[in-house]
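These numbers come from a predicted model, not from an experiment.
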Amino acid sequence: MTAKVSYEDVEVGTELPGQEFPVTRAALVQYAGASGDFNPIHWNEKFAKEVGLPDVIAHGMFTMAQAGRVVTDWAGDPAAVLEYGVRFTKPVVVPNDEKGAVIEVTAKVAAKLDDEARTVRVDVVATSAGQKVLGRARAVVRLA
């Protein structure tokens, strides 16, 4: 596969389609099994509160992966993402109810880096409950 977005068709400021990702306690347990990260702050409310957290929190890498989906979905090929990094700024708190939490993600092309390599830098913004949960979330993407 290759990226489906053409380098010529994007400009600095091009907005990627935003997405919302629901997060439930069940999703966190599933992620723990898939990732091998069984830290009880991600599934045990009593333990999370004992260590000073407001409630169970989503895994940082889970949050990062959800935000990255906005970039890979836009590019049309996960392999088009050459670099991706974030800082974890706030946890995604996941209450024990039927709603859980929601991670809202927006992104835009922040720079055209290399015409020959057809690469762009995409800046990603991820929030939950009105708070920014990732900082300096950036991806370098090779476009078609």
Side-chain angles (χ1 to χ4, degrees), residues 1-7 9-10 12-114 117-144:
M1 287 178 60
T2 59
K4 294 183 175 23
V5 177
S6 171
Y7 182 79
D9 292 340
V10 299
V12 171
T14 298
E15 293 186 12
L16 285 59
Q19 295 185 50
E20 292 186 351
F21 301 97
V23 185
T24 62
R25 296 272 180 101
L28 297 182
V29 171
Q30 291 169 332
Y31 182 83
S35 69
D37 181 353
F38 295 102
N39 187 324
I41 64 173
H42 303 303
W43 55 268
N44 184 316
E45 185 173 335
K46 180 179 180 287
F47 183 85
K49 289 181 176 182
E50 284 174 356
V51 298
L53 295 168
D55 209 329
V56 165
I57 63 171
H59 302 74
M61 296 302 289
F62 176 87
T63 303
M64 181 181 178
Q66 298 297 11
R69 288 174 57 189
V70 168
V71 180
T72 59
D73 288 354
W74 171 72
D77 178 9
V81 178
L82 305 177
E83 298 175 26
Y84 178 49
V86 307
R87 288 186 188 170
F88 302 106
T89 57
K90 298 272 184 192
V92 174
V93 178
V94 183
N96 190 20
D97 60 20
E98 61 281 345
K99 294 179 187 175
V102 176
I103 302 168
E104 299 102 7
V105 183
T106 60
K108 68 179 177 179
V109 175
K112 292 183 101 170
L113 301 176
D114 185 342
R118 307 177 73 75
T119 54
V120 297
R121 189 186 88 220
V122 175
D123 288 355
V124 179
V125 175
T127 61
S128 183
Q131 295 201 22
K132 194 171 178 181
V133 296
L134 299 177
R136 284 189 55 108
R138 296 179 172 176
V140 174
V141 183
R142 177 176 288 128
L143 300 178

How close do Val94 and Ala58 get, heavy atom to heavy atom, and via which atoms? CG2-N, 4.0 Å

Where Ala48 and Ile41 come nearest, the two heavy atoms and their spacing: CB-O, 4.0 Å

Going by salt bridge (Lys or Arg N to Asp or Glu O under 4.0 Å), name the pairs with one or both residues in residues 85-94, residues two or more places apart or in two chains. none

If you round to the nearest 0.5 Å, how far is OG1 of Thr2 from CZ of Arg142? 11.0 Å

For the residue pair Phe38 and Ala32, what are the closest heavy atoms and their distance? CZ-O, 3.4 Å

Determine yes or no for a side-chain-to-main-chain donor-acceptor pair under 3.5 angstrom, with Arg118 supplying the side chain and Ala144 the backbone. yes

Of the non-hydrogen atoms in Tyr84 and Ala67, which two are nearest, and what is the gap between them? OH-CB, 3.5 Å

Sidechain-backbone polar pair: Thr72 side chain, Asp77 backbone, donor-acceptor under 3.5 Å: no

Closest non-hydrogen atoms of Pro95 and Ala101, given as atom of the first, atom of the second and distance, are CD-N, 4.3 Å

Using the test ring-ring contact (aromatic ring centres under 6.0 Å, His included), find all partners of Tyr31 that sit at least two apart in sequence or belong to another chain. His59, Phe62

Evaluate the side chain to side chain contact (heavy atoms under 4.5 Å, CB included) criterion for residues Val125 and Asp123: first the C-alpha distance (whole Å), next the side-chain angles of each, then the deciding distance (0.1 Å), finally the verdict. CA-CA 7 Å; Val125 175; Asp123 288 355; over 6 Å; no

Smallest separation among heavy atoms of Lys112 and Val12, with atom names: N-CG2, 4.0 Å

Answer yes or no: is there a donor N or O on one side and an acceptor on the other, between the side chain of Thr119 and the main chain of Val140, under 3.5 Å? no

Any donor-acceptor N/O pair, Trp74 side chain to Pro17 backbone, under 3.5 Å: no

Please assess Phe21 against Val92 for the test side chain to side chain contact (heavy atoms under 4.5 Å, CB included), listing each intermediate value before the final yes or no. CA-CA 11 Å; Phe21 301 97; Val92 174; over 6 Å; no

Could you grab the distance from atom CG of Asn96 to atom CD of Glu45, nearest 0.5 Å is fine? 6.0 Å

Kindly compute the distance separating CD (Glu83) from CZ (Arg121), expressed to the nearest 0.5 Å. 11.0 Å

What's the verdict on side chain to side chain contact (heavy atoms under 4.5 Å, CB included) for His42 and Ile57, showing C-alpha distance, side-chain angles and the deciding distance? CA-CA 5 Å; His42 303 303; Ile57 63 171; 4.0 Å; yes

Value for NZ (Lys99) from OG1 (Thr24), rounded to nearest 0.5 Å, stands at 14.5 Å

Using a strict cut-off of less than 4.0 Å between a Lys/Arg side-chain nitrogen and an Asp/Glu carboxylate oxygen, indicate whether Asp55 and Arg25 qualify as a salt bridge. yes

Please tabulate, for side-chain N and O atoms in residues 103-111, each donor-acceptor pair with protein atoms closer than 3.5 Å (sequence neighbours left out).
| residue | atom | partner | partner atom | Å |
| --- | --- | --- | --- | --- |
| Glu104 | OE1 | Thr127 | OG1 | 2.9 |

Which value, rounded to the nearest 0.5 Å, describes the distance between Asp37 atom CG and Leu28 atom CG? 10.0 Å

Take Thr63 and Leu134 through the test side chain to side chain contact (heavy atoms under 4.5 Å, CB included) and record every step on the way to the result. CA-CA 8 Å; Thr63 303; Leu134 299 177; 4.2 Å; yes

